[in-house]
There are 2 protein chains.
Amino acid sequence: MRKVIEGVTEMLLNRNIKPSYQRIKVLEYMMNNRIHPTVDQIYSALQNDIPTLSKSTIYNTLNLFIDAGLVRLITIEENETRYDIDTSNHGHFKCVECGEIYDFSINIDDLEAKGISNFKINDKNVYFRGVCSKCHKM
Amino acid sequence: MRKVIEGVTEMLLNRNIKPSYQRIKVLEYMMNNRIHPTVDQIYSALQNDIPTLSKSTIYNTLNLFIDAGLVRLITIEENETRYDIDTSNHGHFKCVECGEIYDFSINIDDLEAKGISNFKINDKNVYFRGVCSKCHKM
DNA sequence: TATATATTTGTAATGATTATAAATTAGGAT
DNA sequence: ATCCTAATTTATAATCATTACAAATATATA
Ligand SMILES: [Mn+2]
Ligand SMILES: [Mn+2]
Ligand SMILES: [Zn+2]
Ligand SMILES: [Zn+2]
């Protein structure tokens, strides 16, 4: 009944991705900072560990992870691409005040979508926008 | 019980937007072509009517319409901004084969979002991706 | 008509992402 | 260990969508 924690190196190897130092660090960051980070956030955070790091590597790595199903893309706002290590079906709420992105659970499969029967659905996204409780108080 | 058709000029005047020729043409296009067009699609279509048309005007006009609540923004894919004349709550399905965007009706308010109680929700978006029935047959 | 204001236009600036090629790294063979 | 090859990373240039800005044009008012 004990859940085996899958290390980041194993996560990569299991998906036939060579666990380079940069890839491990990016994945580690995603696992430890579940904030739906932007490329810039990841880049800034990893510069301490990898002084020679290039932003291209972040883009390459994230696109690799997306193809492998390790992370998923979040595009609530135009020109603000974010990445989510949680690939399970859940909704996202963006606070227009503080900019934070919250997860919320939602039964997307419960609601019936009229008008697209016989359509093959690959993925579903639910995005809300508004003001979070923290900002609402002020 | 008869529904009064609101002309595009009246639509603009009702929202305190001066009905310039360009604005009327853009809104007319949105009303008659409910295809969630991109800026380029609108621009190409209107060049016949307005040879001197500038793409800046399309951007300005659409942003004006968004602020006025006349149209809403659709961002299923990053770097593909589309505009919807239908501001009612409904879902969008993008076919990855033909690129077409389909509307579908959905009871977004029916599903409860656990984890964001006390949040003030301004707008809700539901995006699906997959293959439409037309493309699936082939 | 003259004048002020709003709108449109053309062009430059911005910024995020991708493309490309050189540099570096890592692993296997000798 | 050295050599060789392929993969990865890096730096830089290219691309593309959007916005910023100022000049030109159109519209409204006196
Ligand atoms: Mn999430
Ligand atoms: Mn629609
Ligand atoms: Zn907030
Ligand atoms: Zn299709």
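Convention: sequence-line order gives letters A, B, ...; per-chain numbering from 1.
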- Message: Check B/Lys134 with B/Glu100, please: is the shortest side-chain N to carboxylate O separation under 4.0 Å?
- Response: yes
- Message: Taking the basic N atoms (NZ, or NE/NH1/NH2) and the acidic carboxylate oxygens, is any pair closer than 4.0 Å for A/Arg82 and A/Glu77?
- Response: no
- Query: Would you call the rings of A/Phe93 and B/Phe119 parallel, tilted or perpendicular if under 30° counts as parallel and over 60° as perpendicular?
  - Reply: perpendicular
- Message: Rounded to whole Å, how long is the line connecting atom CD1 of A/Ile50 with atom C1' of D/dT10?
- Response: 12 Å
- Message: Just the rounded figure in Å: distance from P of D/dT9 to CG of A/Leu53.
- Response: 9 Å
- Atom OH of A/Tyr21 and atom C1' of C/dT24 are separated, to the nearest Å, by 16 Å
- Task: Report the distance from atom CE of B/Met11 to atom CE of B/Met31, rounding to the nearest 0.5 Å.
- Result: 4.5 Å
- Note on the structure: Out of C/dT7, D/dT18, C/dT17, minimum distance to the side chain of A/Glu78 belongs to D/dT18
- B/Gln47 CD to C/dT8 P: how many Å, rounded? 16 Å
- A/Asn63 side-chain N/O to C/dT18 phosphate OP1/OP2 under 4.0 Å: yes
- Message: Within this structure, what is the CG-CD1 distance for the pair A/Asn125 and A/Ile108, rounded to the nearest 0.5 Å?
- Response: 7.5 Å
- Item | D/dT9 OP1/OP2 closer than 4.0 Å to side-chain N/O of A/Ser54 | no
- Item | B/Gln22 side chain near C/dT9 phosphate (N/O to OP1/OP2, under 4.0 Å) | yes
- For B/Ile17, which of B/Leu27, B/Thr61, B/Asp67, B/Leu12 qualifies under side-chain contact (heavy atoms from CB on, under 4.5 Å)? B/Leu12
- Message: When you measure from the side-chain N and O atoms of B/Asn79 to the phosphate of D/dC16, is any distance below 4.0 Å, counting only OP1 and OP2?
- Response: no
- Any B/Tyr59 side-chain N or O less than 4.0 Å from OP1/OP2 of D/dT18: yes
Restricting to nitrogen or oxygen on both sides, can you table the protein-nucleotides 27-29 of chain C pairs closer than 3.5 Å?
none

- Report the distance from atom CZ of B/Arg82 to atom C1' of D/dA17, rounded to the nearest whole Å. 14 Å
- Message: In whole Å, I'd like the distance from the CG atom of B/Leu12 to the P atom of C/dA6.
- Response: 17 Å
- Rounded off to whole Å, could you give me the NZ-to-P distance for the A/Lys55 and C/dA19 pair? 18 Å
- Query: Using a cut-off of 4.0 Å on non-hydrogen atoms, how would the nucleic acid contact of A/Asn60 be classed: base, sugar-phosphate, or nothing?
  - Reply: base
- Task: Tell me what A/Ser56 touches on the nucleic acid: a base, only sugar-phosphate, or nothing, going by heavy atoms under 4.0 Å.
- Result: base
- Query: In terms of side-chain heavy atoms, does A/Gln22 have a donor or acceptor partner in A/Thr57 at a distance below 3.5 Å?
  - Reply: no
- If only side-chain N and O atoms of A/Thr81 are considered, is one of them under 4.0 Å from the OP1 or OP2 phosphate oxygen of C/dA16? no
- Between B/Asp123 and B/Arg72, does at least one N-O distance fall below 4.0 Å, as a salt bridge requires? no
- Message: Does a side-chain N or O of B/Ser20 approach OP1 or OP2 of C/dT8 to a distance below 4.0 Å, or not?
- Response: yes
- Roughly how many Å is it from CZ in A/Arg23 to C1' in D/dT10, rounded to a whole number? 14 Å
